[in-house]
> 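The structure's right below; bear with me while I get my questions together.
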There are 2 protein chains.
Amino acid sequence: MKPRHIHHTEDCRAVSAILQRIGDKWTVLVVSKLGNGPMRFNELRHIIGGISQKMLTTTLRGLERDGFVTRTMFPTIPPRVDYDLTELGHELLVPVNALGEWAKQNTNRVNEARAKFDAACPERAKVRKAA
Amino acid sequence: MKPRHIHHTEDCRAVSAILQRIGDKWTVLVVSKLGNGPMRFNELRHIIGGISQKMLTTTLRGLERDGFVTRTMFPTIPPRVDYDLTELGHELLVPVNALGEWAKQNTNRVNEARAKFDAACPERAKVRKAA
DNA sequence: CAGCATCCTCCAGGATACTG
DNA sequence: CAGTATCCTGGAGGATGCTG
């Protein structure tokens, strides 16, 4: 028996769920940076560049909640807070980096397809934020 | 020489970019379904379930534009349109499925961390859509 | 330094109605 | 059947100002 249409619907939903979780604007960027070792709040902020303080807070809080990073407070003055990847965070980085590798190697193909499509039918290309 | 802080910033951005591209609500779901073979518009619509006709159109158009799927029109009456994964689309599925596999195997850990976090400090958990 | 609180904008995405 | 055209809402995310 060799079913052509296996309906692992749950699986698909799982992929979808994780992708939506980490597919926001900053999550993977933060996780990637933390992959190099623990970092302080503003250190992250500046190395990432372009992220608002609010979103960095939100992103880190979410990652902490999901068990991907730890938050260590030093009750000094001024305060110091270190963020670091957990084991789970490091593990997440593996498949994420694999996808990133794929992305790097295929960006050209995508861009070419995109240019071709836009050139072929400018009409239907308006899908993307109307010229 | 063993640099601890390698700044493959471009790489991170690439990961981020692809994740935002496919990290929307429906893209991977559609690609996954098409992984089983070509499908018609409404066939996809029903097998996915819950997707609005507008979003299916938008999602498919985007995937077509980026070279992940092909769109084949049969000028019959009523019209028939087949969507199918391109080679690029199939290749994308590989790392995506790997991530999906990771997701399936670690959802529990994430949920546990989440529950623990919420139980520990309900205050800070309000990050998620305020109780 | 590392946040929290507030306000505001933009757009992903749903609902509905119409068409070749 | 496979769309297109509109309208509308929620929430992601930026900007700014204040605090322990």
Side-chain angles (χ1 to χ4, degrees), chain A residues 16-17 19-30 34 38-65 69-84 121-131, chain B residues 16-17 19-30 34 38-65 69-84 121-131:
Chain A
S16 203
L19 279 171
Q20 283 183 74
R21 170 63 188 85
I22 67 175
D24 63 31
K25 197 169 180 182
W26 302 111
T27 294
V28 291
L29 236 34
V30 170
L34 287 179
M39 276 182 142
R40 303 178 56 173
F41 190 85
N42 277 334
E43 202 175 349
L44 263 173
R45 187 151 147 59
H46 292 122
I47 211 178
I48 289 179
I51 188 173
S52 68
Q53 162 276 326
K54 173 188 168 182
M55 284 318 295
L56 182 53
T57 299
T58 304
T59 302
L60 285 169
R61 192 75 77 246
L63 287 171
E64 186 193 355
R65 190 172 106 105
V69 315
T70 56
R71 178 175 182 273
T72 314
M73 273 205 56
F74 300 90
T76 58
I77 292 182
R80 171 201 177 106
V81 179
D82 276 17
Y83 288 93
D84 197 4
C121 34
E123 312 302 306
R124 310 179 63 234
K126 75 175 159 63
V127 172
R128 268 321 185 217
K129 59 169 61 175
Chain B
S16 203
L19 280 170
Q20 284 184 73
R21 169 64 189 84
I22 66 175
D24 64 30
K25 196 168 179 182
W26 303 108
T27 294
V28 292
L29 235 33
V30 171
L34 287 180
M39 276 182 144
R40 304 179 57 173
F41 189 86
N42 277 333
E43 203 175 350
L44 264 172
R45 186 151 149 59
H46 292 122
I47 212 177
I48 289 178
I51 187 172
S52 68
Q53 155 277 333
K54 172 187 168 182
M55 284 317 294
L56 182 53
T57 300
T58 305
T59 301
L60 285 170
R61 193 75 80 244
L63 287 171
E64 186 193 355
R65 190 172 107 105
V69 315
T70 57
R71 178 175 182 274
T72 313
M73 271 205 56
F74 301 90
T76 58
I77 292 181
R80 173 202 176 105
V81 180
D82 276 18
Y83 289 93
D84 196 3
C121 33
E123 312 299 308
R124 311 179 62 234
K126 75 174 159 63
V127 172
R128 269 320 186 216
K129 59 170 62 177

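Only heavy atoms go into these numbers, but all of them, side chains included; no hydrogens, no water, no symmetry mates. In what follows, chains carry the letters A, B, and so on, assigned in the order in which the sequence lines appear, proteins first and then strands, with residues in each chain numbered from 1.
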> May I ask you to verify whether the side chain of B:Lys54 and the base of C:dG13 hold a donor-acceptor pair under 3.5 Å?
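In this structure, the two groups form a donor-acceptor pair.
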> Describe, as an angle rounded to 10 degrees, how the axis at the first end of the helix from C:dC1-D:dG20 to C:dG20-D:dC1 is tilted relative to the axis at the last end, five pairs per end.
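Comparing the first five pairs with the last five, the axes sit 50° apart.
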> Could you tell me how far apart B:Leu56 (CG) and C:dA15 (P) are, to the nearest whole angstrom?
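Computing the B:Leu56:CG to C:dA15:P distance gives 14 Å.
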> Considering residues at least two apart in sequence or located in another chain, which fulfil the side chain to side chain donor-acceptor pair (under 3.5 Å) criterion with A:Asp82?
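A:Arg80.
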> Rounding to a whole Å, what distance do you find between B:Ile22:CD1 and C:dA12:P?
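To the nearest whole Å, that distance equals 17 Å.
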> Once side chain to side chain donor-acceptor pair (under 3.5 Å) is applied, do any residues pair with A:Gln53, and if so which ones, sequence neighbours excluded?
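Only A:Thr57 meet the side chain to side chain donor-acceptor pair (under 3.5 Å) criterion with A:Gln53.
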> Looking for any heavy atom pair under 4.0 Å, which part of the strands does A:Arg45 touch: base, sugar-phosphate only, or nothing?
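The residue A:Arg45 makes no contact with any strand.
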> Looking only at N and O atoms, is any donor in the side chain of A:Gln53 or the base of C:dC4 less than 3.5 Å from an acceptor on the other one?
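Checked by distance alone, the answer is yes.
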> Identify which nucleotide among C:dG14, D:dA2, D:dG14 has an atom closest to any side-chain atom of B:Asn42, counting heavy atoms from C-beta outward.
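Looking only at heavy atoms from C-beta outward on B:Asn42, the closest nucleotide is D:dA2.
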> Within the pair A:Tyr83 and C:dC1, is there a side-chain N or O less than 4.0 Å away from OP1 or OP2?
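For C:dC1, neither OP1 nor OP2 has a side-chain N or O of A:Tyr83 closer than 4.0 Å.
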> Could you state the CE-P distance from A:Met39 to C:dC1, rounded to the nearest angstrom?
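So the two atoms are 15 Å apart, to the nearest Å.
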> Of A:Pro79 and A:Ser52, whose nearest nucleotide on DNA chain D comes first from the 5' end?
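In this pair, the answer is A:Ser52.
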> Given atom CG of B:Leu44 and atom C1' of D:dA2, what is their separation to the nearest angstrom?
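Taking CG of B:Leu44 and C1' of D:dA2, I get 12 Å after rounding.
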> Separation of B:His46 atom NE2 from D:dA2 atom P, in whole Å?
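Answer to the nearest Å: 10 Å.
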